[in-house]
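Right, one structure below, let's go through it.
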Amino acid sequence: MLKQTQQLHRVVIRLAGDSGDGMQLTGDRFTAESAVLGNDLSTLPNYPAEIRAPAGTLPGVSSFQVHFADHDVLTPGDAPDVLVAMNPAGLKANLRDLRHGGDVIVDTDEFTKRNLARVGYETNPLEDGSLDGYQVHKVALTSLTVAALEGHEITKKEAERAKNMFALGLLSWLYSRPVEGTEAFLRAKFAARPEILDANLTAFRAGWSYGETTEDFAVIYQVQPAPMPPGTYRNINGNTALAYGLMAAAARCGLPLFLGSYPITPASDVLHELSKHKRFGVLTFQAEDEIAGVGAALGASYAGALGVTTTSGPGVALKTETIGLAVTLELPLIICDVQRGGPSTGLPTKTEQADLLQVMYGRNGEAPVPVLAARSPADCFDVAIEAARIATAYRTPVFVLTDGYLANGSEPWRIPVIEELPALQVSFATEPNGANGEFLPYLRDPQTLARPWAVPGTPGLEHRIGGIEKADGSGNISYDPANHDHMVRVRAEKVERIAESIPPLEVADPDGDARVLVLGWGSTYGPIAAACRNLREEGVHVAQAHLRHLNPFPSNTGEVLSRYDRVVVPEMNLGQLSLMLRARYLVDVAGFNRVRGLPFTSTELADHLRTVVKEVAGA
Amino acid sequence: MLKQTQQLHRVVIRLAGDSGDGMQLTGDRFTAESAVLGNDLSTLPNYPAEIRAPAGTLPGVSSFQVHFADHDVLTPGDAPDVLVAMNPAGLKANLRDLRHGGDVIVDTDEFTKRNLARVGYETNPLEDGSLDGYQVHKVALTSLTVAALEGHEITKKEAERAKNMFALGLLSWLYSRPVEGTEAFLRAKFAARPEILDANLTAFRAGWSYGETTEDFAVIYQVQPAPMPPGTYRNINGNTALAYGLMAAAARCGLPLFLGSYPITPASDVLHELSKHKRFGVLTFQAEDEIAGVGAALGASYAGALGVTTTSGPGVALKTETIGLAVTLELPLIICDVQRGGPSTGLPTKTEQADLLQVMYGRNGEAPVPVLAARSPADCFDVAIEAARIATAYRTPVFVLTDGYLANGSEPWRIPVIEELPALQVSFATEPNGANGEFLPYLRDPQTLARPWAVPGTPGLEHRIGGIEKADGSGNISYDPANHDHMVRVRAEKVERIAESIPPLEVADPDGDARVLVLGWGSTYGPIAAACRNLREEGVHVAQAHLRHLNPFPSNTGEVLSRYDRVVVPEMNLGQLSLMLRARYLVDVAGFNRVRGLPFTSTELADHLRTVVKEVAGA
Amino acid sequence: MTGTTISAVEAGLGPSGLYGVPLVGEGHPLGKKDFTSDQEVRWCPGCGDYAVLAAVQSFLPELGLRRENIVFVSGIGCSSRFPYYLDTYGMHSIHGRAPAIASGIAVSRPDLSVWVVTGDGDALSIGGNHIAHALRRNINITILLFNNRIYGLTKGQYSPTSEAGKITKSTPMGSLDTPFNPVSFAIGSEATFVARALDSDRKQLTAVLRAAAEHRGASFVEIYQNCPIFNDGAFDPLKSPDTRDEQMIRLEHGQPIRWGEQGRHGLGRDPRSGQLVSVEVADVGEEALVVHDDHNEDPAYAFALSRLSDPPIGRTPVGVFRSVRRPTYDDMAREQVAHAQSTQGPGDLAQLFAGKDSWTVD
Amino acid sequence: MTGTTISAVEAGLGPSGLYGVPLVGEGHPLGKKDFTSDQEVRWCPGCGDYAVLAAVQSFLPELGLRRENIVFVSGIGCSSRFPYYLDTYGMHSIHGRAPAIASGIAVSRPDLSVWVVTGDGDALSIGGNHIAHALRRNINITILLFNNRIYGLTKGQYSPTSEAGKITKSTPMGSLDTPFNPVSFAIGSEATFVARALDSDRKQLTAVLRAAAEHRGASFVEIYQNCPIFNDGAFDPLKSPDTRDEQMIRLEHGQPIRWGEQGRHGLGRDPRSGQLVSVEVADVGEEALVVHDDHNEDPAYAFALSRLSDPPIGRTPVGVFRSVRRPTYDDMAREQVAHAQSTQGPGDLAQLFAGKDSWTVD
Ligand SMILES: Cc1ncc(C[n+]2csc(CCOP(=O)(O)OP(=O)(O)O)c2C)c(N)n1
Ligand SMILES: Cc1ncc(C[n+]2csc(CCOP(=O)(O)OP(=O)(O)O)c2C)c(N)n1
Ligand code: SF4
Ligand code: SF4
Ligand SMILES: [Mg+2]
Ligand SMILES: [Mg+2]
């Protein structure tokens with residue numbers, strides 16, 4: 001059958017099914033195919049907190065969304081154009097998000113009475129007209145897969161489990177994706193089980209052929225590659241990018257990387273990733289708890305390694321006391337907080353930005369710590385390097401904030417040339433620095449206020465440090481009131497001085513006359529930028545800036561804020577950056593806050609900003 | 001010898017000696033004598049972090065200051081009028097604080113070459129003219145004591161150790177204090193060791209007689225009782241007042257008091273005090289760490305007790321995660337933080353106010369907790385009761401902030417009539433509250449937004465709660481985005497609504513035309529109030545307000561701030577309340593910050609405020 | 001707290017772990033469904049947790065306690081979802097801290113039966129210290145440690161009970177740590193009651209639960225639990241009909257320790273070293289066998305038994321290792337209160353506040 | 001890290017705890033004063049900590065290590081001030097966490113000799129879990145636990161090793177908890193080296209320190225330490241000439257266990273129960289005595305020995321209870337790195353980053 005081919009600029013597809021249906025894998029493969037094809041893209045996985053919630057239930061639904069385009073993509077997309085629902089639960093949980101008139105591909109085999117009842121469908125939505133506003137493609141995915149695999153030496157269950165490959169084949173055909181990558185992937189994955197490999201390859205090809213032969217799909221779509229700067233690219237998620245960034249930073253510092261960590265969702269994958277790379281000299285230590293994880297990392301830093309710990313919000317709560325020790329010891333340490341929904345256990349698999357005040361202020365006494373936040377999955381790489389720069393240059397713990405959305409979401413990443421990455425020069429103290437030949441562990445660099453990093457094994461620099469207040473210079477225990485006041489201020493000043501080494505806050509205001517600034521931090525970058533782009537296309541003028549450094553702020557931040565009539569700060573919390581900005585700059589920033597465990601949609605942001613711009617214009 | 005008698009309005013005495021010299025005990029007794037005499041007073045103990053630092057060294061100096069007067073006393077006094085120095089170290093460490101022209105009483109026996117050298121005196125200050133600006137009284141305290149005890153059946157060392165009683169006798173004579181209390185105290189303390197009792201009584205009386213007979217002291221001083229509202233009084237320090245307040249609160253709630261705690265300076269005495277009162281049904285649990293302490297307290301609250309935990313800053317850091325759980329479980333819990341110098345181990349025996357931001361924001365996710373702070377030692381009692389009111393009425397953890405100065409400092413306290421204390425009505429849920437006879441553990445009181453407190457043992461209300469996000473109403477686990485957003489806001493709103501139940505912020509502006517407001521919180525009350533009083537006496541007009549509720553603020557706080565041209569916020573930190581006020585009210589409050597491990601002096605505050613008032617007047 | 005009608009002691013049960021906990025009235029026995037909540041169970045298909053849940057739900061009615069006087073407290077982990085599925089009072093707390101929370105409950109309320117549900121990570125990694133202290137204090141709680149030798153909820157990292165060399169997501173070249181033996185650890189922490197059971201052996205599990213509930217003080221029960229997703233078959237040698245008889249040593253108080261087909265193996269002692277050794281009963285005769293005595297005051301005996309477990313999972317004793325009497329922290333704490341009240345009278349706040357040095361201003 | 005001239009292994013010391021730590025050159029021996037820092041010691045007069053400090057300062061030179069390659073890490077407590085007084089590298093960290101920090105140091109740096117100094121509260125109250133995990137991992141560190149059976153620095157609350165019934169500031173009617181036996185706890189935590197020493201017995205303490213330093217892996221040394229201020233005389237029965245011979249059981253590898261005047265008491269085994277019992281040598285003959293074997297792989301032996309301590313402080317074994325070989329976590333971790341590098345070659349970041357699915361835009 002000859003099909004028509006249609007060019008599209010962008011498509012958002014969401015795959016939804018049971019936790020056991022392999023939606024994450026299917027989505028990953030489709031993403032990889034699109035990446036290799038050269039589309040720009042962004043992905044959003046979404047899965048339940050349970051390992052395998054009961055099959056066919058709403059809480060058991062696992063979904064994966066991918067947005068791919070022939071141009072710069074900023075978010076995984078607000079509303080899918082296409083929903084692939086592997087069962088009634090997948091349909092029910094996701095239909096409301098679909099764009100009106102979008103395509104729905106369903107596995108009709110799963111729309112049994114029992115399955116419908118499990119999710120509270122009283123009648124079959126495939127028949128009762130509730131899908132009238134959509135293009136529905138009814139495909140008997142399961143039985144078609146089983147039929148295609150007849151004769152294979154596998155069980156029926158195994159055959160059924162290949163239906164995700166059938167679906168992937170169909171989608172790959174529909175969107176004209178290259179298939180070599182997926183076939184190679186399957187070959188590697190099932191190298192040890194040839195019968196399963198065969199089944200998956202067969203199902204994948206059957207899906208492709210089904211598309212070609214069925215009449216249900218009359219049009220093939222193409223999405224051209226997006227123009228991208230020259231370079232070698234790969235698709236990467238935030239956790240992997242963070243792990244790679246830490247490795248690159250250690251290499252640039254010339255230090256071994258030591259990770260002390262305790263598993264916690266959604267940060268565990270950083271531990272998993274780093275533990276694979278022993279050949280790079282990376283040591284990973286899965287500790288008995290978060291306190292021991294950060295303790296070991298601090299010990300490693302003291303011993304001359306780049307000490308890192310990774311965790312999420314509840315883990316930060318536990319590490320707090322040790323981070324306070326690191327502040328007063330003035331040793332490098334990187335603490336990565338992959339934020340998730342809180343408070344307490346909260347929504348462990350969902351995203352949120354509500355740890356900012358915790359990492360800023362959650363320590364006893366005056367214990368300032370620099371804070372950085374990544375804006376996109378690939379940006380986690382760069383932020384890790386910046387964190388290492390600050391930690392080693394200023395001898396201070398540094399927080400890196402990412403979140404569940406960045407951790408698992410992915411986008412194309414231009415692979416850096418290692419030698420072009422910032423050179424991080426680390427020098428250990430090797431000689432006594434005192435007037436009388438003694439070593440003064442708290443004698444500071446006049447510029448950075450950093451103290452010497454004198455690692456054990458260095459003769460002549462034997463010294464003792466600890467958590468009790470120290471005399472500046474000698475580092476000896478000191479209860480002197482004036483010294484304490486001085487030290488509290490020096491530690492604060494040291495962190496403030498970091499601002500001298502960071503770039504100014506950049507504002508994007510292409511029209512040059514915006515009166516409203518939208519200022520974000522962290523993973524809201526994508527939706528905010530997309531919203532601004534859409535608004536500008538509409539002719540609504542709005543300026544955008546995004547903070548990577550949250551402590552200290554770039555030196556021009558106050559000046560930037562003062563240039564606008566209104567500053568809107570969207571956050572996935574109740575206004576934590578707002579609080580910091582208001583306190584520091586006395587600017588009446590207006591928060592736009594949603595705490596739903598999900599990223600913002602660019603639409604809701606655009607809607608809000610449009611109103612604000614109107615208000616300001618009217619005022 | 002007939003002596004002259006002189007009336008004084010106020011006296012500040014500081015006793016200083018070795019850790020082993022019994023300065024704290026001596027100070028306590030002198031204070032008790034003055035209290036019984038009816039003076040108003042305030043005390044400030046100051047001792048090293050070491051248990052017994054080496055004898056005769058500067059770090060080993062322990063001191064006790066008492067300010068007593070015939071009028072309302074607000075602070076322990078900036079500069080002592082009298083310094084009693086039991087050894088050269090005591091002199092050296094404290095002389096600079098003495099009022100010019102003040103009295104110095106020294107134990108000449110201790111001014112040996114060796115002792116002088118230990119603290120770096122090259123010549124004897126008693127002889128080299130360095131005390132020329134003071135009234136020096138050279139008393140051979142040690143040898144006079146030993147001589148007085150000749151014939152007693154005790155060792156020479158025991159005799160020497162009684163010299164503090166000799167000194168107390170001398171001071172008691174000099175300031176015309178009643179002696180019965182001290183004698184009764186000694187009798188009780190040494191009931192089991194009659195020879196030591198005898199020695200102490202003899203030394204005490206010998207000191208008194210010495211005053212009468214020696215020519216060195218020509219004048220006896222009297223300080224008349226201060227006018228005080230009728231009532232029965234005692235002298236009390238902050239830790240004891242806090243313990244009593246918790247007991248009173250439990251009694252008024254009709255709940256058993258459960259303390260889960262781990263020892264830490266300067267909070268341990270609250271544990272010690274409460275563990276004495278088992279006859280009141282108080283259960284104290286010394287846990288294996290801070291986490292277990294607060295965990296056990298939360299368990300007790302869940303089971304229907306008034307659960308309390310006490311600690312200092314480093315302990316709060318560890319309790320953070322469990323407090324987040326309490327926030328989401330919405331159970332009553334009182335967390336007392338007796339603040340000390342930080343960060344990290346910091347200055348464990350010194351005072352500071354630098355945990356405010358930690359208790360406000362140091363939890364993962366949006367986890368609001370009400371915060372209260374006591375302003376004086378006796379005020380700890382009232383704040384404990386207010387904390388219990390809020391915790392039980394709103395089903396929320398509540399922080400109580402005190403600090404090392406309040407903990408150990410003391411003042412007269414008008415003992416309340418128990419029945420006149422606020423009635424705290426606590427009612428447990430007893431019946432299902434759902435439409436269908438089911439129990440909804442998160443169905444809220446429409447006014448307070450409190451959920452039912454349904455304790456185990458109540459038939460029909462069996463239910464499960466946990467740290468994962470819950471559906472409002474049913475309390476079942478819910479990953480619903482809209483519910484999460486709602487719950488985050490409800491928890492915030494519940495804490496905000498507490499403001500409806502608290503009194504407005506009161507401003508003292510007796511002149512009625514002040515343009516400068518000084519706004520404080522916690523233990524700075526005394527020095528601030530004293531500074532304002534002194535300024536007003538000088539004719540400088542200044543308004544004063546003091547926050548007891550730090551979260552939420554009293555409803556009129558913003559309005560109060562807006563009435564003044566300048567708001568000065570003195571804090572023993574780098575500006576933590578300032579940050580909160582600036583963020584909330586966008587008022588350019590000006591911090592006055594000293595982080596020395598010591599309370600402010602009223603003089604430095606007055607000096608600063610005088611300048612500010614001038615500036616504002618000039619502007 | 002609430003009116004007690006018939007307590008365990010009135011019912012003649014004596015000072016057991018349930019003393020003081022009110023019973024349901026005669027003629028109103030509860031059944032399994034009374035202990036089943038309305039929440040959908042959300043473990044993976046085939047998870048060993050299902051079997052333990054079913055065993056506990058079936059067993060609880062047997063205790064005759066009022067449902068409302070039972071509290072289950074858990075930490076975080078797959079197993080820690082347990083309380084949601086029981087229609088009693090329950091708290092799903094935070095990672096590792098359940099023993100501390102349960103301690104506060106137990107000390108406050110003698111009328112509650114308090115249970116802790118925890119996993120090998122929850123109990124022995126982050127929560128190891130709380131477990132150890134609850135055991136030495138002998139707080140009257142029953143701890144069910146679901147040992148699947150893996151972190152389930154965080155998707156399969158090695159745990160403190162994983163065998164050395166285990167390849168997991170966080171140890172791609174194999175784990176390096178010697179695992180804890182939970183029974184040894186508990187005994188080293190001065191536990192008074194220590195037992196081990198198997199998720200799939202309902203009868204044995206129920207017997208152990210019964211003994212644990214009956215014990216007054218901290219009862220520590222390690223339950224081997226299969227995690228089909230991340231550590232499938234970890235305990236198969238104890239379950240497979242081919243191997244289980246040779247591997248599983250059932251401990252029964254007062255009985256000689258024998259196992260294997262027709263009890264052909266037995267536990268003897270090397271006369272020289274005193275060490276426990278396995279012997280052939282046919283060779284030495286039954287008299288030469290060690291007779292199990294879980295009341296042995298000396299923990300060295302139970303400790304020695306605990307070392308019979310061959311790693312990763314071979315010959316393994318199950319049943320009650322140790323069950324000795326020692327006053328419980330919570331009973332003693334309440335006794336101190338009662339004693340203070342009876343000797344000094346109930347406290348008078350006014351008098352306390354006045355202290356010894358008060359004065360009056362008229 | 002820094003240039004190593006003569007390492008312990010080159011010096012022929014073999015794979016001891018000090019393998020890999022550089023030695024001072026021949027002819028430059030260090031002395032006690034080289035290990036004495038310029039800080040004034042600030043313990044109370046008569047504190048047992050002085051004696052331990054003196055013993056350690058005198059003993060360290062004997063190891064022949066370079067001073068700069070020795071690190072002492074402590075927690076918080078009186079005893080934890082220890083590192084300030086030694087002229088080596090040192091860190092006075094936070095309460096209970098020294099084992100974790102030391103683990104990071106030891107894993108990162110095979111060329112350092114890493115020591116942990118801790119108190120009974122620091123190690124067994126707040127830090128119990130870290131100690132237990134460091135022991136089971138067998139991290140190559142030496143842990144000196146100063147056990148004064150009290151919280152010294154916070155002025156005298158009972159600790160997890162205080163005898164039950166102890167009256168302190170926080171337990172005016174007596175403490176209720178059964179104390180930990182630190183040696184039993186360590187053995188229950190899979191320790192490979194466990195010993196006990198006395199502050200006042202310099203010779204015995206030094207011998208134990210020597211064995212501990214020599215042991216590769218986590219060495220756990222409990223040191224009974226007198227706190228004259230808050231728990232004076234806690235160990236007097238082991239110190240007083242009147243009682244010490246009857247109470248102190250000195251363990252010597254390969255020697256029959258005997259004590260008392262002229263070694264009249266001995267340790268035997270009850271032939272029926274296998275339990276350790278004290279016997280009169282005159283009655284049973286020396287052959288009947290247990291010969292101490294600290295290399296016994298079965299920890300049940302050392303555990304049984306640990307139970308000989310009669311509370312609060314009576315008959316007490318001192319010396320090395322257990323000293324067995326097991327690979328250390330840190331050695332194995334570094335070996336995994338070395339193995340990965342030798343089999344896969346050193347990593348190439350560019351290749352890693354590119355992964356399998358990369359594409360190029362020109
Ligand atoms: C403070 C904190 N750290 C880490 C986690 C993540 N976490 C949840 S459960 C778990 C371990 C689960 O293992 P286990 O206790 O053995 O329970 P299982 O899931 O195997 O039943 C971890 C590390 C957490 N929830 N909280
Ligand atoms: C997080 C934290 N909790 C509590 C304390 C208070 N604290 C300091 S040392 C100590 C216990 C000391 O006892 P131990 O470890 O036995 O040492 P010792 O002073 O007896 O040598 C405590 C509770 C602290 N410093 N930090
Ligand atoms: S992951 Fe394992 S332990 Fe967790 S529910 Fe699934 S099968 Fe059970
Ligand atoms: S309090 Fe005790 S342990 Fe601490 S220094 Fe003094 S004597 Fe030593
Ligand atoms: Mg597990
Ligand atoms: Mg101690």
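Order of the sequence lines sets the chain letters (A, B, ...), proteins ahead of strands, with each chain counted from 1. Worth knowing before you read on, the calculation uses all heavy atoms, side chains too, and leaves out hydrogens, waters and symmetry mates.
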For C:A132 and D:F185, the nearest pair of non-hydrogen atoms, with its separation, is CB-CE1, 4.1 Å

By side chain to side chain contact (heavy atoms under 4.5 Å, CB included), C:K166 pairs with (sequence neighbours left out) C:I150, C:S162, C:E163, C:T168, C:S175, C:N231

The interface call for D:S273 against chain C, heavy-atom contacts under 4.5 Å, is backbone

Applying a strict 4.5 Å limit to non-hydrogen atoms, the region of D:A333 in contact with chain C is both

C:T118 meets the side chain to side chain donor-acceptor pair (under 3.5 Å) criterion, sequence neighbours left out, with C:D122

Bottom line for D:E190: the part with an atom under 4.5 Å from chain C's heavy atoms is side chain

Taken in chain and number order and not counting sequence neighbours, the residues that satisfy side chain to side chain contact (heavy atoms under 4.5 Å, CB included) with D:A98 are D:V73, D:S93, D:V116

The interface call for C:L135 against chain D, heavy-atom contacts under 4.5 Å, is neither

Without swapping roles, check the side chain of D:H133 against the backbone of C:P160 for a donor-acceptor pair under 3.5 Å.
no

In short, C:M173 meets D:H339 closest at the heavy-atom pair CE-CD2, 3.7 Å

Under 4.5 Å to a heavy atom of chain C? For D:R136 that would be both

Between D:R307 and C:D298, the two heavy atoms sitting closest are CG-OD1, 3.9 Å

Bottom line for D:P327: the part with an atom under 4.5 Å from chain C's heavy atoms is neither

Honestly, the part of D:I126 sitting under 4.5 Å from a heavy atom of chain C is backbone

The reported gap from CG in C:L176 to CG in D:D331 (rounded to nearest 0.5 angstrom) is 10.5 Å

Counting heavy-atom pairs under 4.5 angstrom with chain C, the leader among D:A340, D:S125, D:A164, D:G127 is D:S125

When the 4.5 angstrom heavy-atom criterion is applied to D:I139 and chain C, the contacting part is neither

One should read off an interatomic distance between C:I187 CD1 and D:I187 CD1, to the nearest 0.5 angstrom, of 12.5 Å

message: Between D:R137 and C:T178, is there a side-chain donor-acceptor contact under 3.5 Å, judged purely by atom types and distance?
response: no

Given C:G174, C:S306, C:A186, the one with more heavy-atom pairs under 4.5 angstrom with chain D than any other is C:G174

**Prompt:** Would you say D:H130 and C:N129 make side-chain contact, with heavy atoms under 4.5 Å?
**Reply:** no

Contact list (residues 286-297 of chain D to chain C, heavy-atom gap under 4.5 Å, by number) returns D:N296

**Message:** Please verify the inter-ring angle class for C:F303 with D:F303; under 30° counts as parallel, over 60° as perpendicular, anything in between as tilted.
**Reply:** parallel

